[in-house]
There are 2 protein chains.
Amino acid sequence: MTGDAMDTILAQWARERPDLDCAPMGVIGRISQLQREVFLAQRATFARHDLDAPSFDVLAALRRAGAPYQLTPTALMRTALVTSGAITQRLDRLEERGLITRGRSESDGRAVVVTLTDAGRAALDAALPDHLETEHGMLTGLTAAEQAQLADLLRRFLVSLGRTPPEA
Amino acid sequence: MTGDAMDTILAQWARERPDLDCAPMGVIGRISQLQREVFLAQRATFARHDLDAPSFDVLAALRRAGAPYQLTPTALMRTALVTSGAITQRLDRLEERGLITRGRSESDGRAVVVTLTDAGRAALDAALPDHLETEHGMLTGLTAAEQAQLADLLRRFLVSLGRTPPEA
DNA sequence: CACCACTACCTCAGCGGTGAGCTACCCCGG
DNA sequence: CCGGGGTAGCTCACCGCTGAGGTAGTGGTG
């Protein structure tokens, strides 16, 4: 019977507050813990490519968008789920390193067009396989069926929270 | 066919980099997204009780430990998974508000003993049911069977990462 | 019993994010 | 064609955490 840290916590609550049903923690607490493991593993991977998670996040969004690899800060803000101030900061760092460029939009005087440079695309394409290998490696403890089942349950969970994607 | 944000991202990668197997993102990306939803929901709950997540985390650890509700900063550091500096800061805030007290250990001159005050215990016991209700509410979109299955898969995942609890 | 590797806790500079607020610009209605 | 609500992006003060480093105390060893 190998338990995890959450089993310990649940046992403590069962002893101290037997009147409360702490079962939800079994799901939610574990998600928080796993996210931390994911974060640490990814950070180590990104560091090998002179990147950090926020930078990778932006570069990947631009790369995913396809040629000509352009998005506005607002679009980046929506996919990254951070505030506009955070995106400004990220773009400052990436522009400084020559991985992206900022230009004003021709059709909308307020908008900025962020473009992935060749160097930026090269940096992302170099890091991406390693990143995927890291994620793949983390999942090797689960069977393919378990992985699929887990992905499915997590999607159901997200959808049930009303987090539908922002229209194609 | 309701998809989530991750389905959109996976479709983009499939178009731009059909040579790569991005399936692992289906699990890991969703965990990150869910953690963010959890964080936001919990923050709103804690705010209703004049608390924030780091404070609740410490108070809950002390409460869980059982009477006399005492732990060292090192023990708190291990359960909270943050650095010692972060714990020092958290304890400063909680001590300021009279929710915990700090005293020196009698048996070990280096150690500090953190004790939950009556006010601290009252604050936690007031927030805890609301906190559980929030978590319960987030999960209502999944059936009881799905919740159990999800908790089980997440535990397997954590255990497979070698994150066994730090010995009773 | 003096030494020393180890542990507990605190300090502090730096980092990335938030949230409020600003300016510039868009565009609809009167 | 002008006014005004809405949007895009940036600025800035603040916040919590990290990671490196410092001090004090512990306990085994020769």
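Proteins come first, then strands; the chains are lettered A, B, ... in the order of their sequence lines, and each starts at number 1. Computed over heavy atoms, backbone and side chain alike; hydrogens, waters and symmetry mates excluded. Everything numeric in this text was worked out from a predicted model, so none of it was measured.
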Distance, rounded to the nearest Å, where [X] contributes [atom1] and [N] contributes [atom2]:
X	N	atom1	atom2	result
Glu95(B)	dC10(C)	CD	P	9 Å
Asp52(A)	dT18(D)	CG	P	16 Å
Gln35(A)	dC17(D)	CD	P	14 Å
Asp92(B)	dG16(D)	CG	P	11 Å
Phe39(A)	dG17(C)	CZ	C1'	12 Å
Met77(A)	dT18(C)	CE	C1'	12 Å
Ile87(A)	dC12(D)	CD1	C1'	18 Å

* **Donor-acceptor contact below 3.5 Å, side chain Arg43(B) vs main chain Ala53(B)** =>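 No: the side chain of Arg43(B) does not pair with the backbone of Ala53(B).
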Output the single nucleotide from [options] whose closest atom is nearest the side chain of [X].
X	options	value
Arg78(A)	dA8(D), dT18(C), dC10(D)	dA8(D)
Arg36(B)	dT18(D), dT18(C), dA8(C)	dT18(C)
Thr83(B)	dG19(D), dG16(D), dG17(C)	dG19(D)
Gln89(B)	dT18(D), dC10(C), dG16(C)	dT18(D)

* To do: May I ask you to say what Ala86(B) touches in the nucleic acid, namely base, sugar-phosphate or nothing, with a heavy-atom cut-off under 4.0 Å?
  =>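 Base contact - Ala86(B) has a heavy atom under 4.0 Å of at least one base atom.
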* Asked: Is there a chain of hydrophobic side chains (I, L, V, M, F, W, Y, each step under 4.5 Å between heavy atoms) that links Val38(B) to Phe46(B)?
  ->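 No, Val38(B) and Phe46(B) fall in different hydrophobic clusters.
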* Mind checking whether Leu153(B) and Met6(A) sit in one hydrophobic cluster, side chains of I, L, V, M, F, W, Y counted as touching below 4.5 Å? ->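 No, Leu153(B) and Met6(A) fall in different hydrophobic clusters.
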* Would you indicate, yes or no, if dG19(C) has its OP1 or OP2 atom less than 4.0 angstrom from a side-chain nitrogen or oxygen of Arg43(B)? =>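 True: Arg43(B) side-chain N/O within range (under 4.0 Å) of dG19(C) OP1/OP2.
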* Would one find a side-chain N or O of Arg93(B) under 4.0 angstrom from OP1 or OP2 of dC15(D)? ->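 For Arg93(B), the contact criterion (side-chain N or O under 4.0 Å from OP1 or OP2 of dC15(D)) is not met.
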* Step-by-step salt bridge (charged side-chain N to carboxylate O under 4.0 Å, His left out) determination, Asp125(A) to Arg63(A) -> CA-CA 9 Å; Asp125(A) 283 342; Arg63(A) 179 67 183 82; 3.2 Å; yes
* To do: Return the 5'-most residue of the pair Gly85(A), Arg110(A) with respect to DNA chain D, ranking by each residue's nearest nucleotide.
  =>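 The residue whose closest nucleotide sits nearer the 5' end is Arg110(A).
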* By a strict heavy-atom criterion of less than 4.0 Å, which residues belonging to residues 97-109 of chain B are in contact with DNA chain D? ->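 Residues of residues 97-109 of chain B that come under 4.0 Å of DNA chain D are, in numerical order, Asp108(B), Gly109(B).
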* Between Arg102(A) and Asp92(A), is there a side-chain N and carboxylate O pair less than 4.0 Å apart? ->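 Result for this pair is yes, salt bridge flagged.
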* Asked: Taking all atoms of both residues into account, what is the closest heavy-atom pair of Leu51(A) and Ser55(A), and its distance?
  ->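 Answer, listing the atom of Leu51(A) first, then Ser55(A): CD2-CB, 4.2 Å.
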* Which heavy-atom pair separates Met77(A) from Ile87(A) by the least distance, and what is that distance? ->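 For Met77(A) and Ile87(A), the tightest heavy-atom pair comes out as CA-CG1, 3.7 Å.
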